[in-house]
Amino acid sequence: RRYGQKGAAHLTVFSRGNFMKKFLVALMLVPLLSMAHTNFSFDLNWMKVRAKTKEDRTKIANTGVVIESVHDGYVVVLAKLQEKAVLDKMGIVEVSFPLDMQMMDFPSNDSNFHNYAEITDAIVDLQNKNSDIVHVYSIGKSVEGRDLINIMITNDPANELNKPGIVFLGTHHAREHLSTEMPLMLAQYLADEYRKGNKDIQRLIETRVIYIIPMVNPDGVEWDISTGSYKMWRKNRIRNANGTFGVDLNRNYGFGWGGEGSSSNPSSDIYRGPRPFSEPETTAVKDFIESRPNLTTLLSFHTFSKLILYPYGHTYDPIPDQTDRRVHEVMAQTMAQWNGYTPQKSSELYLAAGDTTDWSYGTRKLISFTFELDPGSMFEGGFYPGQSYIPLVFQKNLNPSLYLIEHADNPYRVLQPLHERVGLSTPLVQ
Ligand code: 0X9
Ligand code: ZN
C-alpha cells in the first residue's frame with residue numbers, strides 16, 4: 001500500500017516554545033572560537049572564496065572542494081593543497097589558512113558524543129527497556145564490517161508495511177557528529193514519552209512506523225576520532241584504486257549521479273565513487289528504502305549551516321510536479337518556524353549530484369529533506385562546536401521531526417486549508 005494524497009484530514013498546532021531564548025543565552029556562554037591544542041598533519045586549508053551566485057558556487061564545487069558554508073558574496077571551503085592551487089589560479093581566493101592553525105580539538109570535553117560502541121550500547125539499552133515498541137536490526141554492513149543499525153519504532157511490528165513510514169538518517173558524513181546525536185535522541189525521546197503515557201506520542205507510534213538510522217557511516221566516524229583528536233574526516237573508508245581512502249556517501253546515490261558538484265577524483269572529498277551505489281553503506285540504505293513501500297517521508301541530518309534543504313540538488317530546475325514542490329516548500333517553511341533555519345531548494349546552495357534526497361524523491365517520490373544542523377558557521381565551531389550543542393540542537397529540531405512524523409500518513413495534507421483538517425495535532429514541546 002502506498003500512502004498518498006487522500007489521507008485523513010488534520011489539525012495542526014504550532015508552537016515555537018522558548019528555546020530560541022535559551023539558545024541565545026547558551027550561545028553567549030560558548031566561546032566563539034576555541035584555538036587548537038593539537039597540530040593537524042593534514043593538508044587541509046580553510047579558504048574564503050569569492051562567489052556571488054549559485055552558479056559561481058557550483059563552479060567552485062566542480063573543482064572538487066567541499067563548500068562548507070555559503071555567505072553573501074563568498075563561500076568558505078575546505079581545500080586540499082592541490083585544490084587550493086586550482087582555486088588560487090582562478091583568482092577568487094580572498095583569505096586562506098591551513099587548518100592546523102585554527103581548528104579546535106576537544107575530544108576529551110566531548111565525551112557526551114557517541115562513538116560506534118557507545119551508540120550500539122545506547123540502542124541495545126533502549127531496546128531492552130522498550131521491547132514492545134523498539135525493534136533494532138542491522139540493514140547491512142559498512143566497508144569495515146560494522147553493522148548499520150536501524151531503530152524501528154512501532155507497537156505493531158507484524159503490521160509494519162501496513163502503516164505509513166518515515167525514515168530519519170544520520171551521519172553520512174563522518175565529522176558531522178551532531179547528526180548522530182539528533183536522531184539517537186529522537187528515538188530515546190519517543191520511547192520515553194510513550195512510556196510516560198504521552199497520548200500524542202503513543203498515537204504516533206501506534207499509527208506510523210518510525211525508522212531511525214543514526215549512523216550511516218560508522219567507519220568514517222571511528223576514523224575521525226581514532227587518535228583522540230578530530231581528523232576532519234568526511235567520507236567512508238573504502239580503499240580507492242589510487243590508494244586514497246573514501247567515497248563521499250552523499251554523492252554516491254543513483255539519481256543524477258555523476259553530475260555537477262561531484263568529483264571523479266578519488267582524492268577529492270566529494271568523490272562520487274566509481275559508479276552509483278558502489279558503497280555498501282549507500283546500498284544498504286537503498287535496499288532498506290526499496291523494501292519499505294510504506295515509506296512516505298525522509299529526513300537526512302547533516303551539519304552545519306542551519307538550513308532546511310529540499311530537492312532537487314543536481315539541477316537548478318524546480319521539481320516538475322508542482323504539488324510536490326508546494327508540499328516541500330510548505331513543510332520546510334513550517335519546520336523553519338521551530339528551528340529558525342533557512343528553508344531553501346538544495347540547488348540554491350550549489351549543485352551537488354548524487355545526494356540521498358535527490359534519489360529518495362527522484363525514484364520513490366518520498367517527501368525528502370536534508371537538515372544542515374547547528375552551528376551556523378565555522379566561527380561557532382563548524383563541525384566541532386562542543387557537546388553543549390547536543391541538547392540545544394535536539395530541542396530545536398524535535399518539533400520539526402514530530403511534525404514530519406505526524407504528517408507521514410499523508411504529507412499532502414499540509415496543502416489543505418487549516419479549517420478542513422481534523423485529527424492529531426503536532427505535540428507541543430516547550
Ligand atoms: O554537500 C553536501 O553533501 C551537504 N552539505 S555538507 O556540508 N553536510 O556536506 C549538502 C547537500 C545538499 N544537496 C545539494 N546541494 N545538492
Ligand atoms: Zn554532510
Side-chain angles (χ1 to χ4, degrees), residues 44 46 51 54-71 75-79 169-180 182-183 214-217 220-221 224 232-236 246-253 255-263 268-273 281-282 298-319 328 332 341-362 368-378 381-385 393:
L44 283 173
W46 283 110
K54 54 180 185 276
E55 289 83 5
D56 291 346
R57 294 191 285 269
T58 298
K59 209 182 283 171
I60 292 166
N62 281 340
T63 67
V65 297
V66 188
I67 295 180
E68 293 305 349
S69 55
V70 171
H71 308 265
V75 294
V76 175
V77 306
L78 255 180
L169 300 162
T171 327
H172 276 74
H173 291 144
R175 61 196 170 201
E176 299 173 9
H177 301 286
L178 279 169
S179 77
T180 309
M182 176 64 216
M215 204 185 269
V216 172
N217 180 11
V221 167
D224 192 50
M232 270 275 179
W233 192 255
R234 171 179 171 95
K235 301 188 285 182
N236 75 348
V247 163
D248 183 349
L249 298 179
N250 213 31
R251 300 292 181 278
N252 192 240
Y253 285 82
F255 190 83
W257 180 90
E260 294 202 69
S262 71
S263 175
S268 166
D269 253 347
I270 52 170
Y271 176 45
R272 61 176 81 113
E281 294 88 355
T282 48
L298 176 148
L299 170 53
S300 184
F301 290 112
H302 284 252
T303 78
F304 61 91
S305 284
K306 303 210 271 190
L307 301 171
I308 298 177
L309 303 173
Y310 47 88
Y312 283 133
H314 71 285
T315 168
Y316 296 125
D317 295 340
I319 55 178
H328 283 99
Y341 294 179
T342 304
Q344 60 184 196
K345 183 172 180 285
S346 286
S347 61
E348 289 299 308
L349 209 54
Y350 44 79
L351 290 186
D355 82 4
T356 311
T357 54
D358 276 18
W359 174 80
S360 60
Y361 175 73
S368 302
F369 298 95
T370 301
F371 279 16
E372 297 280 6
L373 298 168
D374 282 56
S377 73
M378 61 169 283
F383 300 112
Y384 307 114
V393 160

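Fair warning: this is a prediction, and the values are worked out from it, not measured in the lab. Counting convention: from 1, in listed order, for ligands and their atoms alike.
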- Message: Can you name the atoms of ligand 1, numbered from 1 with element, that are less than 4.0 Å from a heavy atom of L309?
- Response: 12 (C)
- Proximity of H173 to ligand 1 by residue part, where a heavy atom lies under 4.0 Å: side chain
- Assess E176: does it contribute an N, O or S atom lying under 2.8 Å from the Zn ion (ligand 2)? yes
- Looking only at distance, does S347 have an N or O less than 3.5 Å from an N or O of ligand 1? no
- H173, N/O/S atom nearest the Zn ion (ligand 2): ND1
- Message: Is it the case that the ring center of H328 lies less than 6.0 angstrom away from the ring center of Y361?
- Response: yes
- Spell out, as yes or no, whether a donor-acceptor pair under 3.5 Å connects the side chain of D269 to the backbone of V66. no
- Item | H302 atom (N/O/S) at minimal separation from the Zn ion (ligand 2) | ND1
- Query: Distance from F383 atom CZ to E176 atom CD, nearest 0.5 Å?
  - Reply: 5.0 Å
- Query: If you measure from NZ on K54 to CD on E348, what distance do you get to the nearest 0.5 Å?
  - Reply: 4.5 Å
- Who's closest to atom 9 (O) of ligand 1 heavy-atom-wise, of K345, H172, R234? R234
- Face-on cation placement of K235 at Y271 ring, 6.0 Å and 45° thresholds: no
- Indicate yes or no: at least one non-hydrogen side-chain atom of R234 is less than 4.5 angstrom from one of D224. no
- Message: Tell me whether S346 has any N or O atom under 3.5 angstrom from an N or O of ligand 1.
- Response: yes
- Item | Backbone N/O of R272 and side chain of R251: donor-acceptor pair under 3.5 Å | no
- atom 11 (C) of ligand 1 sits nearest the protein heavy atom N250 ND2, 3.7 Å
- Task: Enter the distance from S263:OG to N62:CG here, rounded to the nearest 0.5 Å.
- Result: 9.0 Å
- Are L373 and F301 close enough that some pair of their side-chain heavy atoms sits under 4.5 Å apart? yes
- Item | For atom 8 (N) of ligand 1, closest protein heavy-atom neighbour | E176 OE2, 2.9 Å
- What atoms of ligand 1 come within less than 4.0 Å of a heavy atom belonging to T303? 7 (O), 8 (N)
- Which bit of Y350 is near ligand 1, meaning a heavy atom under 4.0 Å away: side chain, backbone, both or neither? both
- Query: Can you tell me which residue and heavy atom of the protein come closest to atom 10 (C) of ligand 1, and the distance to 0.1 Å?
  - Reply: E372 OE2, 3.2 Å
- Task: To the nearest 0.5 angstrom, please state how far the CZ atom of F371 sits from the OG1 atom of T303.
- Result: 14.0 Å
- Message: Could you tell me, atom by atom, which parts of ligand 1 come under 4.0 Å of a heavy atom of E68?
- Response: 7 (O)
- Can the ring centres of F255 and Y312 be said to be less than 6.0 Å apart? yes
- Give the numbers and elements of all ligand 1 atoms closer than 4.0 Å to a heavy atom of A352. 14 (C), 15 (N), 16 (N)
- Query: Do any nitrogen or oxygen atoms of T370 lie less than 3.5 angstrom from nitrogen or oxygen atoms of ligand 1?
  - Reply: no
- Message: With heavy-atom distances below 4.0 Å as the criterion, list the atoms of ligand 1 near H302.
- Response: 8 (N)
- Query: For ligand 1, is D355 a contact, meaning one of its heavy atoms is under 4.0 Å away?
  - Reply: yes
